[in-house]
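Accompanying notes for the structure given below.
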Protein chains: 2
Amino acid sequence: MTDPKKRLDQMIAKLRKNDFRITPQRLAILKILASSTNHPSVENIYGKVKKDFPTTSLATVYKTLIVLKEIGEVLELGFGDGGNRYDGNKPNPHPHLICTGCGTIMDPDLESLGDMTEALKRATGFQILTHRLDFFGLCPDCQKSRSAR
Amino acid sequence: MTDPKKRLDQMIAKLRKNDFRITPQRLAILKILASSTNHPSVENIYGKVKKDFPTTSLATVYKTLIVLKEIGEVLELGFGDGGNRYDGNKPNPHPHLICTGCGTIMDPDLESLGDMTEALKRATGFQILTHRLDFFGLCPDCQKSRSAR
DNA sequence: TTATTAACGGATAATCTTTATCGATAATAA
DNA sequence: TTATTATCGATAAAGATTATCCGTTAATAA
Ligand SMILES: [Mn+2]
Ligand SMILES: [Mn+2]
Ligand SMILES: [Zn+2]
Ligand SMILES: [Zn+2]
């Protein structure tokens with residue numbers, strides 16, 4: 001995990017560089033994203049921000065995420081069903097390991113997909129800009145609770 | 001590409017086996033999915049079905065897709081924005097190459113992710129059931145039209 | 001062939017997440 | 001400190017998918 005303080009500084013610097021303002025609500029959202037390793041949802045972020053700023057609107061969370069996506073400081077994981085999840089600690093594309101039982105999302109240690117990407121470029125002529133790799137399954141805990149019943 | 005006729009027979013057999021009925025509308029949808037290699041959207045399927053059965057409802061397309069997902073005879077590719085895309089010719093998980101310019105989705109030839117999956121199982125204890133791998137970029141045509149302006 | 005019955009089709013309402021809108025407010029620079 | 005706008009908060013709107021309801025029909029067996 002990247003040091004949350006360092007990530008926060010990176011995010012702030014990038015916002016300043018692109019002429020975005022640092023508001024208290026925004027800063028609170030940045031802190032949550034920089035330090036979380038559990039890929040929070042919008043509702044999750046919203047709930048935490050409201051502890052410090054009770055009047056915060058859900059739209060503010062969404063709008064901040066849109067800005068962070070624009071400048072590449074958060075990785076959005078969209079799923080067909082339910083809400084998106086966000087990784088602000090590690091904003092560049094990387095594989096994820098998702099438990100369909102409890103919703104946990106982890107960052108596994110895996111070598112990159114560089115070789116595969118290169119082969120694709122040569123074979124298809126595509127200019128590949130990004131990728132997404134998700135593995136779905138059941139975490140050890142959910143395997144237990146499933147076999148228990 | 002798998003032979004569309006063979007895929008159609010597989011889909012019909014699987015539906016029968018699970019006590020689902022083969023209706024004219026359903027059959028039309030199956031044929032489209034079995035023979036298409038361009039990962040059609042719901043609207044795309046809907047438009048084609050209406051040529052033969054003008055009274056078909058959009059809900060019927062959705063309901064048929066839900067059934068096919070249940071029995072594993074179609075692969076759903078959900079994206080955060082816009083509608084889903086479907087692969088009925090190749091229903092098992094496989095990588096996709098997606099042009100963000102024109103929306104084309106292709107099935108590239110790539111060796112499997114078997115090694116990566118095994119390593120993940122050992123390292124994390126997860127029971128991995130499925131995966132998804134998408135590469136995003138610009139197809140050769142879209143690269144040209146972009147550089148032209 | 002006909003009767004039976006549960007599944008299906010069509011129409012549309014409801015749901016859910018995300019985005020758009022807009023007046024009020026506050027961050028930033030001069 | 002003041003002026004300029006980006007941003008906030010509240011809420012409406014959009015868009016895709018699912019739920020609901022009831023008349024119809026495919027599948028099965030008598
Ligand atoms: Mn991650
Ligand atoms: Mn495919
Ligand atoms: Zn789990
Ligand atoms: Zn293209």
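Just so we're on the same page: letters track the sequence lines, and every chain starts at 1. In this text the structure is predicted, and so the values were computed from the model without any measurement.
Hydrophobic clustering places A:Leu65 together with A:Val67 (ILVMFWY residues linked when any side-chain heavy atoms are closer than 4.5 Å, directly or through intermediates).
At C:dG9, none of the side-chain N or O atoms of B:Ser57 fall inside 4.0 Å of OP1 or OP2 (strictly under the cut-off). The phosphate of C:dA26 has neither OP1 nor OP2 within less than 4.0 Å of any side-chain N or O from A:Arg21. For the pair B:Thr60 and C:dG10, the criterion of a side-chain N or O lying under 4.0 Å from OP1 or OP2 is met.
Atom-to-atom distance recorded for B:Asp134:CG and B:Leu97:CG is 9.5 Å, nearest 0.5 angstrom. From B:Lys48, atom NZ reaches atom OG of B:Ser35 across 6.5 Å, with rounding to the nearest 0.5 Å. The CD atom of B:Gln127 lies 10.5 Å from the SG atom of A:Cys139; values are rounded to the nearest 0.5 Å.
A side-chain hydrogen bond (donor to acceptor under 3.5 Å, both in side chains) check over residues 14-31 of chain B, counting only residues at least two apart or in different chains, returns the pairs B:Lys14-B:Glu73.
No engagement by B:Pro54 is indicated, since no non-hydrogen atom pair under 4.0 Å with the nucleic acid exists.
When DNA chain D is scanned in the 5' to 3' direction for atoms under 4.0 Å from non-hydrogen atoms of chain B, the outermost contacting nucleotides are D:dA16 to D:dA27.
Taking atom CG of B:Leu68 as the reference point, atom C1' of C:dC8 lies 14 Å away to the nearest angstrom. Between the CD1 atom of B:Ile22 and the P atom of C:dG9 there is a distance of 10 Å, rounded to whole Å. When rounded to the nearest whole Å, the span between CZ of B:Phe53 and C1' of C:dC8 equals 14 Å. One can place CD of B:Gln25 at 5 Å from P of C:dG9, the figure rounded to the nearest angstrom.
When only modelled atom types and interatomic distance are considered, A:His96 and A:Asp107 share a side-chain donor-acceptor pair under 3.5 Å.
Shown here is B:Asp9, whose CG atom has more than 12 heavy atoms of other residues, nucleotides or ligands within 6.0 Å.
We find that A:Lys144 and A:Asp141 are joined by a salt bridge, their nearest charged nitrogen and carboxylate oxygen being less than 4.0 Å apart.
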Report each atom pair, protein N/O against N/O of nucleotides 17-20 of chain C, whose distance is under 3.5 angstrom.
unit_1: C:dT18; atom_1: OP1; unit_2: A:Asn84; atom_2: N; d: 3.2
unit_1: C:dT18; atom_1: OP1; unit_2: A:Asn84; atom_2: OD1; d: 3.2
unit_1: C:dT18; atom_1: OP1; unit_2: A:Asn84; atom_2: ND2; d: 2.9
unit_1: C:dT18; atom_1: OP2; unit_2: A:Tyr62; atom_2: OH; d: 2.3

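For the pair B:Arg85 (side chain) and B:Glu76 (backbone), a donor-acceptor distance under 3.5 Å is absent.
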